Amino acid sequence: MSKIDRKELNLHLYKHLYLVRNAEEAIRKHYHEDEMKTPVHLSIGSEAISVGVCQAMQPQDQALATFRNHAVYLTKTGETDRFFAELYGKSTGVAKGKSGSMHLSAMDNGMICATAIVASGIPVAVGAALANKMQKNGKVVAVFFGDGATEEGVFWESLNIACLMKLPILFVCEDNELAVHAPNEVRKGYRSLTAIARQYRCHVFSDDTTDVEAIYHLTQEALYQMAETEMPCLIDLKYYRYLEHVGVNEDFNAGYRSRADYERWLKQDPVIIQREKLLSLGCSESEIRELERLIDGQIESSLAYAKSAPFPEPNQLHEDVYA
Amino acid sequence: MSKIDRKELNLHLYKHLYLVRNAEEAIRKHYHEDEMKTPVHLSIGSEAISVGVCQAMQPQDQALATFRNHAVYLTKTGETDRFFAELYGKSTGVAKGKSGSMHLSAMDNGMICATAIVASGIPVAVGAALANKMQKNGKVVAVFFGDGATEEGVFWESLNIACLMKLPILFVCEDNELAVHAPNEVRKGYRSLTAIARQYRCHVFSDDTTDVEAIYHLTQEALYQMAETEMPCLIDLKYYRYLEHVGVNEDFNAGYRSRADYERWLKQDPVIIQREKLLSLGCSESEIRELERLIDGQIESSLAYAKSAPFPEPNQLHEDVYA
Amino acid sequence: MSRSITYRDAINEAILQEMKRDERVFVYGIDVADHKRIFGSTRGLVETFGPERCFSTPLSEDALTGMALGAAVNGLRPILVHMRVDFMLLGMNQIANMISSFRYGSGGLVNVPLVIRAVIGRGWGQSYQHSKTMHASFAHIPGIKVVMPATPYDAKGMLISAIRDDNPVIFIEHRWLYDAYGEVPEEPYTEPLSQAKVLRSGKDITIVATSWMNVEAVKAAEVLSKAGISAEVIDARSISPFDETVIVDSVKKTGHCIVIDDDWIHCGFGAEVAARVSEQCFGNLKSPVERMGYAATPCPCARPLENLFYPNAVSLIKKIENKFDLEPIDLTGEDFYSYEKKFRGPF
Amino acid sequence: MSRSITYRDAINEAILQEMKRDERVFVYGIDVADHKRIFGSTRGLVETFGPERCFSTPLSEDALTGMALGAAVNGLRPILVHMRVDFMLLGMNQIANMISSFRYGSGGLVNVPLVIRAVIGRGWGQSYQHSKTMHASFAHIPGIKVVMPATPYDAKGMLISAIRDDNPVIFIEHRWLYDAYGEVPEEPYTEPLSQAKVLRSGKDITIVATSWMNVEAVKAAEVLSKAGISAEVIDARSISPFDETVIVDSVKKTGHCIVIDDDWIHCGFGAEVAARVSEQCFGNLKSPVERMGYAATPCPCARPLENLFYPNAVSLIKKIENKFDLEPIDLTGEDFYSYEKKFRGPF
Ligand SMILES: Cc1ncc(C[n+]2csc(CCOP(=O)(O)OP(=O)(O)O)c2C)c(N)n1
Ligand SMILES: Cc1ncc(C[n+]2csc(CCOP(=O)(O)OP(=O)(O)O)c2C)c(N)n1
Ligand SMILES: [Mg+2]
Ligand SMILES: [Mg+2]
C-alpha cells in the first residue's frame, strides 16, 4: 500500500472512530437529563473493533450486534439522526422509538439487528449467512458478541452449524474478559476460546491490539481466507471496557476491577493512538480538526433534531406487530 | 491383577453383559405382541460401554442415561422385575407404569434418571455432581449420552461448568456416529470431539473397543485421575448400533448404512468376545452355562411377573404430580 | 374432480407446490431428509429440489430456530420442522424474545416470513416428554401466528397461507390426523389463518375443539344426534390471532358451549375461549362454558392411565349428557377411534 | 413489635433465614454474587455462607436450570435466580420437559425441592426483550408451582414456603415492588403457596390482580371509593396450583369482576380467572368478567407508548367508570405511581 493510500485509509478509519466515540460521549453528556429513557451499554474503549472489522467489509456486507451495539450501528450506517432519535424514543428513530438503545436495526445499511438477550443474535447471523450463501449474493455476515456470550450453548451450536455448512460468517468476539462484573475465573472451564475454535473447520484469529488499522488488515486477511476456503472465521479481539456495564459512569470504585488496568489500556486508547498515527502519517492538525469539527457538528445537529422530534403517536403502539 | 481376580472380574462383567443383552432380546421376542406399549431404543451392540463404565464405578456412584437407557439401568440395578413391569405399563414397574421405557429412574440404585429429550440429562447430571461435591459424599456421577447430544448447546454449557467447578462427573459419549439416521457428515463442523474436549480443564479418553474389560480399566483409570486432580473426565466410546433407531428390528435395507459394517462389528460382538475370553481364562462351558441359565430364569420370571401384574388403578393418574 | 387424500399428503403437497412456486422456500430440521421424512410429510422434497432446499441438520433446536429468523429477514422463506413440539421448546427463547418482536423492533421495516411446523399427539406410550402441545404458550406472545388445522383440506390451505404469510407462523399438526382422509383440491389454494370454522352445524350446543379433538367432537356430535341433541362443532384452528366471531355467533344461537382443547386446561387456550364466550355471550348463555382437556398431570405411559389422561368422544358425550340431564346413551356398536386398530409402536 | 421493611429486604431476609436454618439451601445464578446482588436481594449471602453456597455462574441458563434439578434430586435445595424472566426462557426445556415431570416419572419416589426466582417489570425503557412475564406459560405445565407475591409480607412468607416446599416453585418478583414497604415480622413464617388473598375489602366489584397490578388496583379502589364504589381487591398471587375459592366467594358477593393481570391478555392467566369466575359465578354475575393486561404488542421503548402498553390505576378506574356508567372522576391531586419520581436509568 502506498503512503497516500495508507493515509487515506487511516483518515477514513479515524473518522469512524471519532464518530463512534463522540456520539457516545454525547450520550454521556446528556444522559443525566433523563430524557434518553433507555438503558445504554457504551462501547467506549472498543471502537477499534467495530470500526476495523466493519470497514474492512464491503458496505453491502452485514453485521449483527449485541446490546453494546452503538459502535457497530454507527460505523455501518455513518448516520446519527435516527440513532439519537431512537435513544430519545422519538418517532424519527430507527424503529420509531420502539426498540431503544439495545436493539438497533438498519437493514438497508447491512445492520441486521442487535439483541439484548446474550448470544441470541448468533444463530440469527448464521441463518442470515445461510440465506446469503443460498442466494449467492457474495455478502458476508459479521456477528459481534461478548466473551460472555460464548458460555451460552447456542454459540456452540451456531459455530458448529456454520462450520458444517461452510457459511460466509465472521464470528467476532469483543472480548473484555468480563460479563457484567464477572471475570473469566468464575465463568470459563477452559484455557482459551481460540484453542477450542481451532478444532472446528474454520479460521481463527486473535489479537489484543487497539490499533484500528491492524484490526482492519486482520479482518481483510480473514475475509480473504474465508473466500478462498469457503470456511467461516472466528476472531477474538481483546479490549478494555472503560465504563460501567450499563450506564454512562466509571465504576472503578465498585471493587471488581482496578483503575490501574484502565490506565494501562488508556495509554493505547484506540481513538488517541489513531489520531497520533495520522499526525505521523503527515496529516496536519488542522486537517484533523476540520474533520472532527464536521463530526461534532453532525452529532450536535442530530441531538437537537432528536430532542425536538415528536414522540410516536399513540396509534403507533399497535402498528408493526404483524405485516 | 492375579489370574483368579481377572477371571472373577470377567465373569462378573459377563454376567452383566449377558443380562443386558438377553433382557433386550426378550423385548425383541415379545414386542410384536403389542403389549409393551412404549417406544424402545435398544442398546444391543453397546453393552460393553454401560457395563464397563458402571461396574468400574462404586455401587453408590450415580448414572444418568438417555432414551437408550436399558443397559445402564440393568447394570446399575441388576434387577428385571420392575424393569419389565415398567415396559408393560404395570403398577409394579419402576414408576408404576408412568414413565415407560425412555425415562427409567431408580435413585436407590444410583440410577438418577433417563431422558427422552436429547442432551437434557447432561446438566441434570452436572447438578447432581455439584450436590455430591457440596455434600462431600465421594460419589461420582456418570452421564451417558449419544454423539448426537453433543450438538445441543447444553452439552457445551454443561462441560464448561463441570470443568470450571471441578465437579466429580464422567461424561460418557456412547458414540455410534449416528443420530437417528443422520451420519456425522451432516452434523459435525469439526474433526474430533475429543480434540475439542482436550481444550477444557478435564481428562479425555477415547476408544473403539468392544472389550468390556478394557472399558472397565479405562474407566478405573479415568476415575483415578479424576480423584487425583479434582477434574471431570470425558470418555468417547465408539460402538455400532445393531438395530433400528427405535424398535426391535434390523434396518439395513433402509439405505442409510450398510450391512457390511454391521458384520464387521459383529465379529467383535461384546457379549460373544467376553464369553470367549472367559473360556480362555479357564472358565468351563458348564460354569458359564449355569450362570446364563440363572439369568435366563430371572428374565423369564420377571417377564411372567410383569405380564401378570395389574395395571395402575385409575386414581394413579393424579398421584405423584406434587409432593 | 373431487379427490380424497390424507392429511400427511396434504401437507406434503402444500410444501411441494409452494417450493415449486417460490424458490425462496426451503425446508430444514432434524431428520427432515432421512428416509422416514417426518412421518412422510417431507417426501419428495430432496429429490425434487435438491439437498440445498431440503436438508437434515445437527441436533441444535435453539440455533435452528434463530437461523429461521436470520434466513427470513434476509429474503428467504424457511420452514423449520420439529418432530415433536416438545423439542421446539429448546427454541423458546428465539421464538419469544427474537422472532416475535423482530418486525416491531425494526419499526415495521423488516418482515419475518417463516414457518415452524411441529408435531403433537399420542404415539405409542411416549409419556411425558413427547406429548405436549403448548399452543397457548406460543399464542400468548404477540407477533407470532399459531394455527392447528384439523382436516386435510385445512392442512393444505393453511400451510400454503402460512408459507405465503409475511409473519412467523407456528403450524401444529396432530400425528393421528396424518392418516385422516379428506377432500383436497389438487391446485394450490389458501385458507385464512385467523378464522374459526364450523365443521358441523347444530343448534343445541356449541362444541369448540382444537386439532384432533375435532375428530372426537364430530364423533360425539353424531352419537348425540341420536339422542336428539344437535351439536355444532367449531374448529378453533386459528389460535393466534384468534377471531372469536364464528364461535360467539354460534353460542348466541345455541346458548351452550363446551371447549375441548388438545392440551392441558389450566391457563390453556380453552380458558381464552371460555373467557371470550362468557364475556361476549353474556346473557345468551343458558349454562356456564365448560372446559375439557388433558388431565392436570404429566402424560403417563401406561395405556389405561393414558386413556384417562386424554379427553375423547366418550368423555365429551358424558359431559353433555350431564349438562342436559340425559339418560346415558347406549354406546354399544359405536366405533370410536381405537389406538389398537390404527396405531402401532414402536414410536 | 411491628416493623416495616422493603420487598427487597423481605426477600433477602427470607433467604438468609432459610440458609441459616437449612444448610442444604444454596443460591446461584448469573451475577448473584457481584456487588449489585440482584437489586440487593442476595445481599450478605456470600459474606455469611461463603462462595460455596452463593455463587455467580457462567451465562448458561439452560444448563443452570437443569443443574437445579440434579442438585434437588440429590438432596439439596437450590435457589436459581434470573435477573429477568426473559432469560429464564432459555431454560424452558428443562422446566417443561424435565423439572415438571421428574417426580411423576420416578413414580413419586423422588422429590424436586427447588426454587427459581425471576424478576419481571418495567425498568428504564428496556422494551421487548426485558419485559415479559409469562406466568401463564409456566403455570400451564402440571408439576410446577408458580407464585407472584405482591407485598413484602407475602414476599418473605411465600419465599420461605417455596424454599421449604418439596416441589419446584417459580417465584416471580416485580422490580417496582422491590422498593415497596410493608410490615414484615422478623421471625421466619410461611404463607400458603396456593391461595389468593384479599388485599382490600369491598362490596361492589371484585378486582383480581397479579404482582404490581395489585398496587394499581388498590390505588384505583381508593380513588373509586370517593365516587361511592367499594371495590374488593384480591391478589391472585398463586398462579399454580390456583385455588379460586376466595375469588369466587368475592364475586358471588359483588356480582362484578375485573381481572388486571401483569402480562399479555391473550391466553394469559387473566383468561383462566375469567373462565373460572364465569363458570362458578354463573347466575351471580351482573356483568361479564372483563380483562386488562399488556397491549397485544411487544413492549415498546418510547415512554409514551410504554405508558400505553401497561395497564394502571387510571385505565382501571376508567374501565370501572364505564362499567358502572359513572361520571369521570376528577383525578387531579391524586398521586399515581410515577416512574419519573421513583425510578431512574440506566437499567
Ligand atoms: C440470556 C441472557 N442472560 C443474561 C443476561 C443479562 N446480561 C446482560 S449483559 C450480560 C453480560 C454479557 O457479557 P458479554 O457477552 O461478555 O458482553 P459485554 O457486556 O462484556 O459486552 C448479562 C449477563 C442477558 N441479557 N441475556
Ligand atoms: C431435543 C431433541 N431433539 C430431537 C429429538 C428426536 N431424537 C430422538 S433420538 C435422536 C437422535 C439421538 O442421537 P444420539 O444422541 O447420537 O443417540 P443415539 O440414538 O445414537 O443413541 C433424535 C434426534 C429428541 N428426542 N430430543
Ligand atoms: Mg464481556
Ligand atoms: Mg448416536
Side-chain angles (χ1 to χ4, degrees), chain B residues 31-32 34-41 67 86-91 93 95-103 115-120 146-154 179-182 186-189 244-249 251 254-256 311-314 316-321, chain C residues 28-38 51 55-66 83-84 86-91 93 122-132 264 294-310 339-341 343-347:
Chain B
Y31 201 70
H32 73 276
D34 280 345
E35 287 180 40
M36 282 183 244
K37 297 182 202 294
T38 179
V40 289
H41 301 74
F67 45 89
E86 189 62 35
L87 301 193
Y88 279 93
K90 297 302 180 69
S91 63
K96 311 177 193 164
K98 288 177 179 176
S99 82
S101 155
M102 299 198 290
H103 329 76
T115 156
I117 306 287
V118 170
S120 291
D147 48 305
T150 65
E151 289 144 35
E152 298 285 3
V154 77
V180 190
H181 315 111
V186 306
R187 300 187 289 117
K188 306 289 180 190
E244 56 189 342
H245 170 69
V246 54
V248 299
N249 301 308
D251 70 347
Y256 70 95
F311 280 111
E313 295 295 321
Q316 269 301 320
L317 174 63
H318 289 278
E319 299 285 308
D320 305 327
V321 182
Chain C
Y28 71 112
I30 298 169
D31 297 330
V32 298
D34 77 4
H35 61 280
K36 300 231 169 158
R37 304 285 163 95
I38 313 289
F55 53 89
S56 293
T57 65
L59 281 58
S60 307
E61 286 86 354
D62 191 1
L64 295 174
T65 311
M83 194 102 75
R84 281 273 158 200
D86 309 67
F87 311 156
M88 190 166 131
L89 296 180
L90 279 81
N93 169 53
R122 285 174 80 169
W124 188 245
Q126 268 117 333
S127 75
Y128 45 83
Q129 294 182 334
H130 285 61
S131 51
K132 289 176 197 65
W264 286 303
Y294 303 165
T297 75
C299 178
C301 172
R303 184 64 56 89
L305 299 186
E306 203 191 23
N307 285 339
L308 292 172
F309 177 82
Y310 290 103
Y339 240 76
E340 266 55 47
K341 269 180 278 174
F343 202 96
R344 284 269 158 92
F347 213 63

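It should be emphasised that the depicted structure is a prediction, and the values quoted were computed from it without experimental measurement. Note on naming: letters A, B, ... go to the chains in the order of the sequence lines (proteins, then strands), and numbering restarts at 1 for each one.
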Residue part contacting chain B, namely of C/L90, when any heavy atom lies under 4.5 Å:
side chain
Could you tell me if B/K90 sits above the aromatic ring of B/F311, with its cationic atom closer than 6.0 Å to the ring centre and no more than 45 degrees from the axis?
yes
Proximity breakdown for C/D34 and chain B, heavy-atom pairs closer than 4.5 Å:
side chain
With only heavy atoms counted, which part of B/Y31 is less than 4.5 Å from chain C, the side chain, the backbone, both or neither?
side chain
Side chain, backbone, both or neither: which part of C/S60 has a heavy atom under 4.5 Å from chain B?
both
Which word best sums up how the rings of B/H245 and B/H181 line up, parallel for under 30°, tilted for 30 to 60°, or perpendicular for over 60°?
perpendicular
Any Lys/Arg nitrogen of C/R37 or C/D31 sitting under 4.0 Å from an Asp/Glu carboxylate oxygen of the other?
no
Check this for me, if you would: do B/K188 and B/D147 make a salt bridge, where the nitrogen-to-carboxylate-oxygen distance has to be below 4.0 angstrom?
no
Interface residue of largest heavy-atom contact number with chain C, from B/H318, B/E244, B/H103, under 4.5 Å:
B/H103
Check each atom of B/H41 against the heavy atoms of chain C and say whether the ones under 4.5 Å are side chain, backbone, both or neither.
side chain
Under a 4.5 Å cutoff for heavy-atom pairs, which residue among C/L59, C/T297, C/L305 has the most contacts with chain B?
C/L59
Measure centre to centre between the rings of C/F87 and C/H130, then say whether the value is under 6.0 Å.
yes
Winner by heavy-atom pair count (cut-off under 4.5 Å) against chain C, out of B/G153, B/A149, B/S99
B/S99
Short question: side chain of C/S131, backbone of C/S127 - any donor-acceptor pair under 3.5 Å?
yes
Under 4.5 Å from a heavy atom of chain C, the part of B/E319 involved:
neither
Contacting region of B/T115 [heavy-atom separation from chain C under 4.5 Å]
both
Compare every heavy atom of C/C301 with every heavy atom of B/K37, then report the nearest pair and how far apart it is.
O-SG, 3.8 Å
Strictly below 4.0 Å, N to O, side chains only: are B/K98 and B/E86 in salt-bridge contact?
no
Counting only heavy atoms closer than 4.5 Å, note whether C/E61 contacts chain B via side chain, backbone, both or neither.
both
